[in-house]
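In each ligand, atom 1 is the first atom listed, and ligand 1 is the first ligand listed.
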Amino acid sequence: MPEQATPPQPLAPAVVILAAGQGTRMKSAKPKVLHEIAGRSLLAHAVAAAQQLDPRAITVVVRHDRDAVAGHALELDPGIIIADQDEVPGTGRAAQAAMAALDGAFASAAAGQGQAEGPVVITASDVPLLDGATLAGVLEQHRASGAAVTLLSTLLDNPTGYGRVVRAADGSVTGIVEEKDATDEQRAIKEINASIYVVDADILRAGLATLTKSAVTGELYLTDIVGYANKAGLSVNGVIIPDPLTVEGCNDKATLAKLGAELNRRLINKWMLSGVNVIDPATTWVDVTVELAPDVTLEPGVQLRGDTSVAKNATVGPDSTLTDVSVGEGASVTRTHATGAVIGAHAEVGPFTYLRPGTVLGEKGKIGAYCETKNANIGANSKVPHLSYAGDVTIGTGANLGAGTIIANYDGVNKHKTKIGNEVRIGSDSIIVAPVSIGDGAYTAAGSVITEDLPAGALGVGRAHQHNSPGWTAKRRAGTPAAQAASAATKATTS
Ligand code: UD1
Ligand code: MG
């Protein structure tokens with residue numbers, strides 16, 4: 001072991017994320033690690049955990065669906081180093097590719113510090129519940145124990161399929177045996193290898209150089225690093241994670257759903273403990289990226305996705321799906337499907353309301369039942385209460401759109417903009433044909449088709465005058481119940 005002359009700061013780790021496996025059991029055209037739970041891909045969960053270690057470098061090992069996986073990794077973090085695994089299979093080969101790709105990161109660090117290289121944290125790309133705090137704890141234990149290799153394990157009632165952790169009488173880890181290579185006695189071991197390791201870089205490099213292909217599978221096993229360390233007289237520390245789900249890998253869609261539900265349960269629990277009222281945790285789903293303030297209430301059947309935030313005392317639900325929506329303090333959002341919208345403080349939305357991107361509703365505004373909005377900037381205290389469509393429109397403050405108002409923004413080829421001023425009253429069932437501008441305090445008559453600008457304070461009437469034909473029902477619908485009713489009414493008023 002190199003002499004570690006009490007460095008002022010522990011050396012930052014490099015993180016290796018293994019993502020070159022095929023993921024055939026997902027039975028999907030989409031690469032396994034791009035499947036999502038809680039609004040993040042499996043790979044993004046691994047990267048987020050890695051980032052919390054403040055690493056010197058993160059490398060993602062790719063092979064199957066190489067471009068899709070590498071492209072996604074670089075979207076998550078452009079600083080990620082992509083390591084390409086060749087046709088030689090196995091986790092050991094993947095680690096070799098990672099160390100080759102990391103050479104630059106270690107070389108510059110070593111040149112700068114003139115000392116040991118520090119630890120490498122190796123994780124899988126399909127262990128979405130492994131959080132940064134757990135990983136940081138293991139790294140801490142690795143440093144404190146002085147072990148050359150630290151591996152994560154857990155205890156499973158049914159360990160079938162996993163590598164088993166073999167320990168000596170004194171508890172030290174002597175090896176990992178894959179299921180197919182295990183003796184009956186070893187198969188009875190319930191402690192399994194989680195495939196997450198911390199290894200000092202120089203030891204990892206030396207150990208990887210000794211790997212030989214399995215006679216059974218032709219794979220290079222990363223797990224053989226444990227045997228190498230033992231032979232070299234280096235200590236191996238096995239950290240048992242008490243909750244198996246934290247280190248459970250995701251191989252098929254049933255497990256994806258199970259881990260998704262568990263992660264959601266953990267997120268909801270965290271929010272409830274921070275003061276959010278969740279009426280029915282089982283039907284409430286939140287992405288990891290969502291922000292909720294204390295005294296928010298989430299009614300049953302709510303899904304909050306992406307960059308959604310809800311300010312204090314606001315209520316969302318029941319039965320609402322909000323994606324990238326900001327909900328202001330004290331607002332209420334009921335049975336609503338909304339994307340890319342901003343809902344002001346104390347505003348009301350719903351029920352049965354569809355907010356599309358670019359909707360901005362001012363303080364104390366309202367978008368009510370059976371309304372759809374898109375690119376609609378609706379000022380404070382303005383209301384679109386019933387059965388309306390408002391697209392590509394700016395509405396001032398204190399305005400009211402009557403029931404059934406349509407802002408006709410599309411001429412079949414192009415979209416046009418509408419401007420509606422402060423304190424405007426749009427009569428029920430008006431069609432406002434864009435582009436058009438309606439001045440402050442103007443009114444439109446119910447049933448109008450407004451095609452021309454309306455000055456401030458004017459009444460716009462855009463409909464035919466009503467013409468009555470007396471006695472029409474008796475003449476043209478003689479003998480019908482309508483004619484009888486009309487006749488009775490006429491007699492009553494003339495007698
Ligand atoms: C591996 C471990 C086993 C452990 C299990 C936990 C080995 C030899 N065995 O088993 O002890 O109990 O994980 O789930 O390591 N990968 C690559 N390149 C490859 C093969 C795999 O990058 O050539 C990646 C996969 O994308 C995945 C991870 O390595 O993220 C683990 O691979 P997987 O095939 O799921 O693990 P097993 O070989 O079943
Ligand atoms: Mg495998």
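Of the N or O atoms in Asn193, one or more lie within a sub-3.5 Å distance of an N or O in ligand 1. At under 3.5 Å, a nitrogen or oxygen of Ala20, whether backbone or side chain, sits near a nitrogen or oxygen of ligand 1. At under 3.5 Å, not a single nitrogen or oxygen of Val88, backbone or side chain, sits near a nitrogen or oxygen of ligand 1. Distances between N or O atoms of Ala124 and those of ligand 1 include no value under 3.5 Å. Annotation: Gly90 places an N or O atom under 3.5 Å from an N or O atom of ligand 1; distance criterion only. Looking at Ala194 next to ligand 1, no N or O pair under 3.5 Å apart turns up.
Of the charged side-chain nitrogens involved, at least one lies within less than 4.0 Å of a carboxylate oxygen, so that Asp392 and Lys374 count as a salt-bridged pair. Under a 4.0 Å N-O distance rule, the pair Arg187/Asp184 qualifies as a salt bridge. Ion pair Arg266/Asp243 flagged as a salt bridge, since at least one NZ, NE, NH1 or NH2 atom sits closer than 4.0 Å to an Asp/Glu carboxylate oxygen. A salt bridge does not link Glu36 to Arg40: none of the charged nitrogens lies less than 4.0 Å from a carboxylate oxygen. Ion pairing between Glu219 and Arg93 fails under the 4.0 Å rule for side-chain N and carboxylate O. Look at Glu348 and Lys364 and you find no salt bridge, because none of the NZ, NE, NH1 or NH2 atoms lies under 4.0 Å from a carboxylate O. In this structure, Arg63 does not pair ionically with Asp84, as no charged nitrogen and carboxylate oxygen lie closer than 4.0 Å.
For ligand 1, the atoms sitting less than 4.0 Å from at least one non-hydrogen atom of Ser195 are 1 (C), 6 (C), 13 (O), numbered in the order shown with element in parentheses. Of all the atoms in ligand 1, the ones that sit under 4.0 Å from a non-hydrogen atom of Gln85 are 17 (C), 18 (N), 19 (C), 22 (O), 23 (O). Taking a cut-off of under 4.0 Å to the non-hydrogen atoms of Ala94, the atoms of ligand 1 that pass are 17 (C), 18 (N), 22 (O). Numbered from 1 in the order shown, with element, the atoms of ligand 1 that lie under 4.0 Å from a heavy atom of Gly21 read 16 (N), 17 (C), 22 (O), 25 (C), 26 (O). Atom numbering of ligand 1 starts at 1 in the shown order; those under 4.0 Å from a heavy atom of Thr223 are 7 (C), 8 (C), 9 (N), 11 (O), 15 (O).
Of the residues Glu178, Glu191, Glu179, the one that meets the salt bridge (charged side-chain N to carboxylate O under 4.0 Å, His left out) test with Arg164 is Glu179.
One option in Glu178, Arg164, Glu87 has a heavy atom closer to atom 9 (N) of ligand 1 than any other, and that option is Glu178. Nearest-residue assignment for atom 15 (O) of ligand 1 (options Thr91, Thr24, Val62; heavy-atom criterion): Thr91.
Contacts with ligand 1 closer than 4.0 Å are made by no heavy atom of Arg63, backbone or side chain.
The closest approach between Pro89 and ligand 1 falls below 4.0 Å for a heavy atom of the residue. Residue contacts with ligand 1: Val61 is excluded, as none of its non-hydrogen atoms falls under 4.0 Å.
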Check: After noting the C-alpha distance and the side-chain angles of Val349 and Thr334, does the key distance pass the side-chain contact (heavy atoms from CB on, under 4.5 Å) rule?
Finding: CA-CA 6 Å; Val349 177; Thr334 307; over 6 Å; no
Note to self: Evaluate Thr315 against Ser332 for side-chain hydrogen bond (donor to acceptor under 3.5 Å, both in side chains), listing each step before the verdict.
What the structure shows: CA-CA 5 Å; Thr315 299; Ser332 126; over 6 Å; no
